[in-house]
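Heads up: the structure comes next, in structure tokens.
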Amino acid sequence: MEKCIKKDGREEKPEKARFVIVGSGWRAAFYVRVAKAFPERFELLYMLCRTPEKAEKRAAELGIPTTTSADDCINAHPDFVVVAVTKPSMSQVSLEWLGRGFFVIAETPAALDFGTIGKLENLGEKGKRLIIAEQYRLYPEYDAILSAVRKGLIGEPTALNISIAHDYHAASLIRAFLKIPLGMKFSVRAKTYEFPTTETMTRYERFTDGRVAEKKRTVATFEFENGKAAFYDFDSEQYRSPIRKNALKIQGIRGEIIGRQAYFLDEQNEAREIEIGFKKSSLGQDETAISVLMQRAVAYMRGKGGHPYPLEEAVRDSYMAILMQRAACTGETVNGE
């Protein structure tokens with residue numbers, strides 16, 4: 001977490017931000033862990049659950065205040081509301097809390113269909129109070145690689161092979177790694193395969209019995225109007241399976257990055273190789289990224305920083321993901337405006 005320093009050089013104690021979480025599932029628990037890791041910065045007022053049974057269970061499991069009453073959350077006057085419900089409900093619940101006048105940090109994705117994209121695009125000024133929690137650019141590892149790309153280590157990036165994250169998360173990284181301007185036209189073609197894979201882990205279970213199931217892998221090619229290209233490849237097992245690892249390669253005019261290894265030409269056009277380092281945290285990469293996003297969101301809400309992830313960008317990520325899925329379903333090349 002970044003420190004606030006006064007003009008006299010002393011560290012300034014940050015003003016604590018108070019928030020509620022709407023939702024009680026797996027993603028909601030990430031925000032609980034961040035609040036507990038940084039009690040000087042965040043205070044969790046309530047987790048809003050759908051049933052008394054779930055509220056009682058989560059209170060006991062997580063050691064936090066829970067409620068089934070939206071009025072309890074409203075009357076607590078939080079600085080912001082985290083919406084971490086199911087994907088199909090995400091946009092509607094977020095709009096409800098925006099309508100109540102709160103800043104909202106909503107879990108991804110921004111939208112699953114074009115109708116929702118239209119609603120978000122028509123929010124106008126109200127949309128500035130909605131922050132989509134796209135965390136992948138803020139993973140310490142990817143943030144360090146992005147920094148190297150932005151500083152020109154490999155020259156202008158031209159092509160990307162990405163097997164890190166799915167759909168809208170991947171779209172966000174594609175645009176960042178290739179420095180694609182928002183709104184640039186593109187085309188996408190894609191295909192989804194099914195391959196037998198030994199199951200190892202889910203969010204909630206670990207398997208050691210050697211069970212095998214058909215798992216989906218989507219392969220796609222994005223071609224952008226400026227001539228750059230991204231080659232997407234992602235397996236449904238990849239987030240958790242120890243036998244399905246992530247892969248990344250970014251090629252630029254003066255070098256390439258494979259994983260965290262950079263191969264490039266220096267100012268004398270001599271070939272060099274370095275490992276891109278990053279600052280590790282006691283938290284996992286997800287929680288670290290979310291903590292950074294929450295900190296930046298609070299600064300933005302208080303008029304002390306820019307929007308951490310403008311809604312236009314989140315909508316673009318969803319748009320790219322929807323078109324990729326359409327291309328995979330139809331087998332046709334789909335054009336994006």
Side-chain angles (χ1 to χ4, degrees), residues 27 80 82-84 87 90-91 94-95 98 103-140 142-147 149-150 157 160 162 164-188 220 222-226 228-230 232 234 248 250 285-286 289-301 303-325 334-337:
R27 288 302 300 179
F80 63 93
V82 170
V83 175
K87 289 182 183 180
M90 196 74 66
S91 60
S94 298
L95 292 174
L98 277 178
F103 274 96
V104 172
I105 297 177
E107 267 297 305
T108 57
L112 292 171
D113 53 68
F114 291 127
T116 303
I117 284 178
K119 289 180 182 179
L120 296 178
E121 288 177 334
N122 291 327
L123 281 176
E125 286 297 310
K126 189 182 292 186
K128 294 180 180 179
R129 301 175 70 88
L130 177 59
I131 299 164
I132 304 299
E134 175 52 60
Q135 78 270 29
Y136 272 83
R137 293 186 185 184
L138 299 176
Y139 271 40
Y142 304 145
D143 181 56
I145 295 171
L146 276 170
S147 179
V149 171
R150 289 168 180 151
L160 169 69
I162 184 167
I164 287 176
H166 78 295
D167 291 354
Y168 38 86
H169 293 311
S172 171
L173 290 170
I174 286 169
R175 292 190 300 104
F177 284 133
L178 289 179
K179 300 199 293 188
I180 300 297
L182 190 63
M184 173 170 282
K185 293 181 180 180
F186 67 93
S187 65
V188 58
F222 289 87
E223 296 180 351
F224 296 93
E225 192 176 29
N226 61 1
K228 298 183 180 185
Y232 166 97
F234 195 75
L248 175 69
I250 311 163
Q285 292 221 69
D286 257 311
I290 290 170
S291 70
V292 173
L293 183 138
M294 288 175 70
Q295 180 185 349
R296 292 179 182 178
V298 169
Y300 167 71
M301 294 169 195
K304 297 179 181 179
H307 198 298
Y309 206 71
L311 186 57
E312 295 83 358
E313 294 209 34
V315 167
R316 191 65 174 179
D317 296 338
S318 292
Y319 176 70
M320 289 176 64
I322 292 168
L323 291 195
M324 180 177 68
Q325 292 162 3
V334 177
N335 294 317
E337 297 298 321

Apply salt bridge (Lys or Arg N to Asp or Glu O under 4.0 Å) to Arg137 and Glu313, showing your working.
CA-CA 12 Å; Arg137 293 186 185 184; Glu313 294 209 34; 3.5 Å; yes
Student check: side-chain heavy atoms of [X] and [Y] closer than 4.5 Å:
X	Y	result
Lys304	Val298	no
Asn335	Lys185	no
Arg27	Asp286	yes
Ile105	Met301	yes
Tyr309	Leu138	no
Asp167	Met324	yes
Phe80	Arg129	no
Leu123	Leu95	yes

Parallel under 30°, tilted from 30 to 60°, perpendicular over 60°: which one fits the rings of Tyr142 and Tyr139?
parallel
Whether Tyr319 and Phe186 hold their rings parallel, tilted or perpendicular, with breakpoints at 30° and 60°
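Plane angle over 60°, so perpendicular.
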Without swapping roles, check the side chain of [X] against the backbone of [Y] for a donor-acceptor pair under 3.5 Å.
X	Y	value
Glu107	Pro109	no
Lys228	Pro157	yes
Ser147	Asp143	no
His307	Leu130	yes
Asn122	Gly118	yes

Distance (rounded to the nearest 0.5 Å) between [X] [atom1] and [Y] [atom2]:
X	Y	atom1	atom2	answer
His166	Phe234	NE2	CZ	7.0 Å
Ser172	Arg316	OG	CZ	13.0 Å
Leu178	Phe222	CG	CZ	11.0 Å
Ile174	Ile250	CD1	CD1	11.5 Å
Leu293	Arg296	CG	CZ	8.0 Å
Ser318	Asp113	OG	CG	9.5 Å

Going by side-chain contact (heavy atoms from CB on, under 4.5 Å), Tyr168 matches just one of Leu173, Asp317, Val315. Which one?
Asp317
Residues Leu323, Phe114; criterion side-chain contact (heavy atoms from CB on, under 4.5 Å); working and verdict
CA-CA 10 Å; Leu323 291 195; Phe114 291 127; 3.6 Å; yes
Where [X] and [Y] come nearest, the two heavy atoms and their spacing:
X	Y	result
Ala314	Ile132	CB-CG1, 3.5 Å
Ala111	Ile117	CB-CG1, 3.6 Å
Ala170	Tyr232	CB-CE1, 3.4 Å

Kindly indicate, with the supporting measurements, whether the criterion side-chain contact (heavy atoms from CB on, under 4.5 Å) is fulfilled by Gln285 and Gln135.
CA-CA 9 Å; Gln285 292 221 69; Gln135 78 270 29; over 6 Å; no
Show your working on side-chain contact (heavy atoms from CB on, under 4.5 Å) between Ile322 and Leu112 and close with a plain yes or no.
CA-CA 7 Å; Ile322 292 168; Leu112 292 171; 5.8 Å; no
Check the pair Glu125 / Lys128 against salt bridge (Lys or Arg N to Asp or Glu O under 4.0 Å), numbers first and verdict last.
CA-CA 6 Å; Glu125 286 297 310; Lys128 294 180 180 179; 3.1 Å; yes
